[in-house]
There are 2 protein chains.
Amino acid sequence: MSRAGRDLLLKAARGERAGATRKRLLDAGLKLISSKGYLGATTKDIAKKAGVAELTLFRHFSSKEQLFQEIINSYTFLPALKGLMPEIKELDYRDALLLIAEKFLGRLSERRDLIRIMHSEMHLYPARVKDIYHNFVGEVYKTLASYFKDLQDSGILRDFDPEYGARAFLGMFFSYFTVRELVLKERSKPSDEQKAITEFVDIFVKGSAA
Amino acid sequence: MSRAGRDLLLKAARGERAGATRKRLLDAGLKLISSKGYLGATTKDIAKKAGVAELTLFRHFSSKEQLFQEIINSYTFLPALKGLMPEIKELDYRDALLLIAEKFLGRLSERRDLIRIMHSEMHLYPARVKDIYHNFVGEVYKTLASYFKDLQDSGILRDFDPEYGARAFLGMFFSYFTVRELVLKERSKPSDEQKAITEFVDIFVKGSAA
DNA sequence: TGATAAAGTAAGTAATTACTAACATTCAGA
DNA sequence: TCTGAATGTTAGTAATTACTTACTTTATCA
């Protein structure tokens, strides 16, 4: 093993503690900002929740705002619907939409903290809010519109604007999630969510079929 | 004119200036809290925007929180969809839904500040957020579900859960409004909104008809 | 003009917050 | 054990915020 190689390994080992601390700060920041808002979540509380001294927070991030930016950067990316398309194309139309709805709601749930931040911080950080939105919904929406277009080209769906159709479809579930999860804060039973999925999908399927 | 009568008139005249000041404070509070959030909107800024001294704000409201509560109380109530039902019942199903969608989006627009507050303050004031939601959407949702039930009973609509149907329908437009207006902050052209209305309504009509 | 309600100016209080400085301690690896 | 990175404790700074006090001015009406 070369000397340069050993130095690299040494650095990596030394950096692990700092990396774990940084991760804890990002997690704690996400949780508290999502539950109290950016202004309501103090650096003192975030540090406490992360189990570190407040000064350590400022050793890792030059400011509260930079912590916030890193939180958004770290948690926004999500696996793409695109990767699911091969599987979806094997299903009949109704089953495909059931799967898409289920996956979409699942993704929203996984990232409920970020969705909450998206809603609460639109006045303070409009640009970041747009980023969150586009990272989440923008790609799904485009992929879905493209899927509708394909099905229209093969005569399975009637003629409607695929982009507006995608917007309507995702909007039903996005609204369902937002109202249930963020506004009313009711953890719905799986059976309620399942019913919403089938009812909404059935309306959409019948409304879009050729 | 009796002495008691004259005293009442005198009081009314004297109170008019205070009433106007109070109204200006409520208006300014609504605007600033909706654009900066509750914590981000300072009493100093609100008073300034209302054109009064900060002390005057505290003469009218015992605290910032009480001002906020009065803002919610003052602006939440809206004319009911119920009052439109006679007119809606005279229309055929598609036209009725077009009208409902249009009115619903119009109402959301009229109260965009309050909807924005509903989204941004859910962590600080969950109970008030629920109030806003129920005052806005709750009544519309119930009236619409009832309308669907009636149409099912007379065989015009197929068998689906009317409450979930109402949720899906309103959800499409609620989501459309939220994303356009609050997240992306794009003032859409009337033609874009009109297209969304017709596309969404058509999907729903075809998906719910018998 | 006098009386009173409503509002203004100026100054201040107490608490909080993001952030910093100085010194000390802990942890990990050789 | 030594070294250096990472972190902790203590204390503090400067600014901000909701709210208050004291005195003054303005507006309205009879």
Side-chain angles (χ1 to χ4, degrees), chain A residues 1-29 32-33 36-71 121 124-125, chain B residues 1-29 32-33 36-71 121 124-125:
Chain A
M1 180 174 285
S2 74
R3 178 146 177 181
R6 278 176 29 221
D7 282 347
L8 272 178
L9 278 179
L10 193 79
K11 276 199 185 175
R14 286 267 175 85
E16 270 184 24
R17 187 154 72 123
T21 299
R22 190 173 187 276
K23 178 70 165 58
R24 287 206 312 278
L25 283 165
L26 291 173
D27 285 347
L32 284 181
I33 293 175
K36 297 188 177 188
Y38 177 80
L39 292 178
T42 64
T43 52
K44 184 174 165 185
D45 284 341
I46 292 168
K48 187 175 173 189
K49 191 171 178 68
V52 302
E54 193 180 359
L55 173 60
T56 301
L57 185 154
F58 288 101
R59 284 182 175 132
H60 284 263
F61 307 97
S62 56
S63 65
K64 185 181 178 182
E65 184 170 339
Q66 215 238 331
L67 167 67
F68 184 61
Q69 183 163 347
E70 293 291 326
I71 287 168
E121 305 307 327
L124 261 186
Y125 292 100
Chain B
M1 182 174 287
S2 74
R3 176 146 178 181
R6 277 175 31 217
D7 280 349
L8 272 178
L9 278 179
L10 192 78
K11 275 200 187 177
R14 287 267 175 85
E16 268 183 22
R17 186 156 70 124
T21 298
R22 190 172 187 276
K23 180 71 166 60
R24 288 205 313 274
L25 283 165
L26 291 173
D27 286 345
L32 285 180
I33 292 175
K36 298 188 175 188
Y38 177 80
L39 291 178
T42 64
T43 50
K44 183 174 165 184
D45 284 340
I46 292 169
K48 186 176 173 189
K49 190 174 179 68
V52 302
E54 192 180 358
L55 171 60
T56 301
L57 185 152
F58 289 101
R59 283 183 177 131
H60 285 262
F61 307 97
S62 56
S63 63
K64 184 182 180 182
E65 183 170 339
Q66 214 239 329
L67 167 66
F68 184 63
Q69 184 163 345
E70 292 292 326
I71 287 168
E121 306 307 328
L124 262 185
Y125 292 101

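The shown structure was predicted, so the numbers you read here are calculated from the model rather than taken from an experiment. In the text below, chain A, chain B and the rest are named by the order of the sequence lines, each starting its count at 1.
- Summary for the helix from dT1(C)-dA30(D) to dA30(C)-dT1(D): the axes at its two ends, each from 5 pairs, differ by 20° when rounded to the nearest 10 degrees.
- The NZ-C1' distance, from K48(B) to dT9(C), rounds to 16 Å in whole Å.
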Trace of the side chain to side chain contact (heavy atoms under 4.5 Å, CB included) decision for R22(B) with E70(B): CA-CA 10 Å; R22(B) 190 172 187 276; E70(B) 292 292 326; 3.0 Å; yes
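- Closest non-hydrogen pair, K64(B) versus F58(B), comes out as N-CE2, 4.2 Å.
- Of all the heavy atoms in Q66(B) and S62(B), the pair that sits closest is OE1-N, 3.1 Å.
- With sequence neighbours excluded, the residues forming a ring-ring contact (aromatic ring centres under 6.0 Å, His included) with F68(B) are Y38(B), Y125(B), listed by chain and number.
- Applying the side-chain contact (heavy atoms from CB on, under 4.5 Å) test between I71(A) and each of I33(A), I46(A), L25(A), D27(A) identifies I33(A) as the sole match.
- Taken from NZ in K23(B) to OG1 in T21(B), the straight-line distance is 12.0 Å, to the nearest 0.5 Å.
- Within the structure, a side-chain polar atom (N or O) of H60(A) is placed less than 4.0 Å from OP1 or OP2 of dT7(D).
- I33(A) places its CD1 atom 14 Å from the P atom of dT17(C), with the value rounded to the nearest Å.
- Regarding F61(A), its CZ atom lies at a distance of 11 Å from the P atom of dT7(D), rounded to whole Å.
- Close to dG8(C), at under 4.0 Å from its OP1 or OP2, lies a side-chain N or O of T56(B).
- Rounded to an integer number of Å, the gap from F68(B) CZ to dC19(D) C1' is 19 Å.
- Contact annotation for G40(B): no contact, since no heavy-atom pair falls under 4.0 Å across all strands.
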What string of B, S and - do you get for nucleotides 18-27 of chain C, 5' to 3', if B is base contact, S is sugar-phosphate-only contact and - is no contact with any protein heavy atom under 4.0 Å? SBBBB---BS
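- From L39(B), atom CG reaches atom CG of L124(B) across 5.0 Å, with rounding to the nearest 0.5 Å.
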Test side chain to side chain contact (heavy atoms under 4.5 Å, CB included) on K49(A) and D45(A) and set out the steps. CA-CA 6 Å; K49(A) 191 171 178 68; D45(A) 284 341; over 6 Å; no
